[in-house]
Amino acid sequence: FQPILDLKTGTVHHSEALARMKDESGTILSPGDFIETAEMFGLINAVDRVIARKTMEKQAAAGRKGARLSFSMNLSGKELGDEELLTFLKQAIIETGADPAQLVFEITETAAVRDLDQARHFINSLKEAGCRFSLDDFGVGFTSFVYLRELSVDYIKIDGSFIRNLAVSNNDRLFVRAITDVARGMGIKTIAEFVETEEVLGLLRQLGVDYAQGYLVGVPATELLP
């Protein structure tokens with residue numbers, strides 16, 4: 001889990017559930033080492049289901065102890081037309097007892113624009129069940145703002161390529177401000193990825209970004225940050 005910081009309150013707003021895998025020697029592998037292979041062999045659907053169910057179980061267990069925790073989790077862009085996955089996710093929410101209002105599903109911008117109708121249907125179906133949605137890697141496409149109008153997302157994650165050099169790039173600051181202003185006008189919250197320095201964190205506050213995620217805020221860990 002990696003925490004996502006609310007820049008107004010200075011507290012953790014929610015945590016992103018991230019996939020990790022152990023190899024034969026017990027070494028922990030990052031997604032870059034296995035996700036592409038899982039997609040190639042048609043296993044990504046199973047990976048996403050495991051991550052989703054474990055996250056829901058974690059959220060439900062916290063809720064039974066009186067803790068109101070929110071989690072986000074990634075879905076592969078290859079699955080946006082999968083009705084069986086939709087059914088699985090809705091069923092898993094009921095079976096685990098998770099609070100759908102505390103679950104955020106993330107899809108990448110590039111996956112959403114690949115088939116807008118499928119993405120719209122997938123998003124709306126889960127939102128009707130009470131869940132929320134985040135558009136990941138936002139800004140890498142030239143027609144990003146058009147898709148914001150078409151997709152009913154609750155959050156957008158500003159791509160890390162615009163955040164890493166924020167302290168030295170006036171163009172990146174202009175771009176982040178533009179994204180933030182448009183998103184706010186549409187009632188969408190913004191999350192900055194790859195936040196690694198206090199200087200960048202301060203700039204994000206000045207630019208009006210809502211949330212920050214990155215190694216400065218917290219590294220991915222098996223235990224949740226308070």
Side-chain angles (χ1 to χ4, degrees), residues 1-18 30-32 35 70-77 80 103-114 116 119-120 123 127 131-221 225:
F1 302 100
Q2 187 172 31
I4 297 173
L5 186 73
D6 185 324
L7 292 179
K8 290 186 178 65
T9 66
T11 59
V12 174
H13 181 262
H14 64 280
S15 298
E16 181 177 359
L18 300 165
S30 64
I35 290 296
S70 296
F71 296 94
S72 62
M73 64 207 90
N74 293 280
L75 294 176
S76 168
L80 294 185
L103 302 175
V104 182
F105 292 99
E106 290 188 15
I107 57 172
T108 63
E109 179 193 0
T110 47
V113 302
R114 195 180 300 138
L116 191 60
R120 189 189 292 115
I123 290 171
K127 282 179 71 73
C131 303
R132 291 172 291 165
F133 254 88
S134 177
L135 198 57
D136 203 0
D137 299 339
F138 189 82
V140 295
F142 288 107
T143 51
S144 296
F145 291 121
V146 174
Y147 293 105
L148 273 191
R149 186 184 63 197
E150 300 294 327
L151 300 170
S152 302
V153 295
D154 304 279
Y155 305 94
I156 53 174
K157 275 193 167 181
I158 304 170
D159 189 70
S161 61
F162 301 106
I163 304 300
R164 287 191 184 96
N165 299 314
L166 203 62
V168 295
S169 172
N170 186 55
N171 285 342
D172 285 347
R173 289 195 293 274
L174 287 171
F175 192 83
V176 170
R177 184 182 292 280
I179 291 176
T180 304
D181 288 346
V182 171
R184 186 184 299 112
M186 299 179 73
I188 300 170
K189 299 291 187 180
T190 47
I191 303 170
E193 298 181 296
F194 294 97
V195 179
E196 297 175 351
T197 68
E198 290 287 352
E199 186 176 9
V200 166
L201 194 70
L203 286 168
L204 292 171
R205 284 195 174 100
Q206 290 176 28
L207 294 169
V209 175
D210 296 296
Y211 306 106
Q213 180 179 9
Y215 280 12
L216 179 69
V217 175
V219 299
L225 282 182

Inter-residue atom distance [X].[atom1] - [Y].[atom2], 0.5 Å rounding:
{"X": "Met73", "Y": "Cys131", "atom1": "CE", "atom2": "SG", "answer": "7.5 Å"}
{"X": "Leu201", "Y": "Leu166", "atom1": "CG", "atom2": "CG", "answer": "10.5 Å"}
{"X": "Phe162", "Y": "Ile179", "atom1": "CZ", "atom2": "CD1", "answer": "6.0 Å"}
{"X": "Phe175", "Y": "Asn170", "atom1": "CZ", "atom2": "CG", "answer": "14.0 Å"}
{"X": "Ile158", "Y": "Asp172", "atom1": "CD1", "atom2": "CG", "answer": "10.5 Å"}
{"X": "Ser134", "Y": "Lys157", "atom1": "OG", "atom2": "NZ", "answer": "6.0 Å"}

_Could you work out, with salt bridge (charged side-chain N to carboxylate O under 4.0 Å, His left out) as the rule, every residue matching Arg177, not counting sequence neighbours?_
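Counting only residues at least two positions away or on another chain, Arg177 forms no salt bridge (charged side-chain N to carboxylate O under 4.0 Å, His left out).
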Within the structure provided, determine whether [X] and [Y] are in side-chain contact (heavy-atom separation under 4.5 Å).
{"X": "Val195", "Y": "Leu5", "value": "no"}
{"X": "Val12", "Y": "Val217", "value": "no"}
{"X": "Leu151", "Y": "Arg120", "value": "yes"}
{"X": "Arg164", "Y": "Val200", "value": "no"}

State, to 0.1 Å, how close [X] and [Y] come at their nearest heavy-atom pair, and which atoms those are.
{"X": "Leu204", "Y": "Ala212", "answer": "CD1-CB, 4.4 Å"}
{"X": "Leu75", "Y": "Phe105", "answer": "CD1-CD2, 3.8 Å"}
{"X": "Val168", "Y": "Arg173", "answer": "N-NH1, 4.0 Å"}
{"X": "Ala17", "Y": "Asn74", "answer": "O-ND2, 4.4 Å"}
{"X": "Tyr215", "Y": "Pro220", "answer": "CE1-CD, 3.7 Å"}
{"X": "Thr108", "Y": "Asp137", "answer": "CG2-OD2, 3.5 Å"}

*asked:* Against Ser72, only a single residue in Glu106, His13, Gln2 fulfils side chain to side chain donor-acceptor pair (under 3.5 Å); can you say which?
replied: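 Only one of Glu106, His13, Gln2 forms a side chain to side chain donor-acceptor pair (under 3.5 Å) with Ser72, namely Glu106.
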*asked:* Evaluate Asp159 against Ser161 for side chain to side chain donor-acceptor pair (under 3.5 Å), listing each step before the verdict.
replied: CA-CA 5 Å; Asp159 189 70; Ser161 61; 2.6 Å; yes
_In terms of relative ring orientation, are Tyr211 and His14 parallel, tilted or perpendicular, with 30° and 60° separating the classes?_
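Geometry flag for His14 against Tyr211: perpendicular rings.
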*Is it true that Lys127 and Asp154 make a salt bridge, defined as a side-chain N closer than 4.0 Å to a carboxylate O?*
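Looking at Asp154 together with Lys127, the answer is yes, because their closest N to O distance falls below 4.0 Å.
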*Report the C-alpha separation of Asp210 and Thr190 in whole Å, then their side-chain angles, then the decisive distance to 0.1 Å, and conclude whether the side chain to side chain donor-acceptor pair (under 3.5 Å) test is met.*
CA-CA 5 Å; Asp210 296 296; Thr190 47; 3.2 Å; yes
*Sidechain-backbone polar pair: Glu193 side chain, Gln213 backbone, donor-acceptor under 3.5 Å*: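 Here the side-chain-to-backbone pair does not exist.
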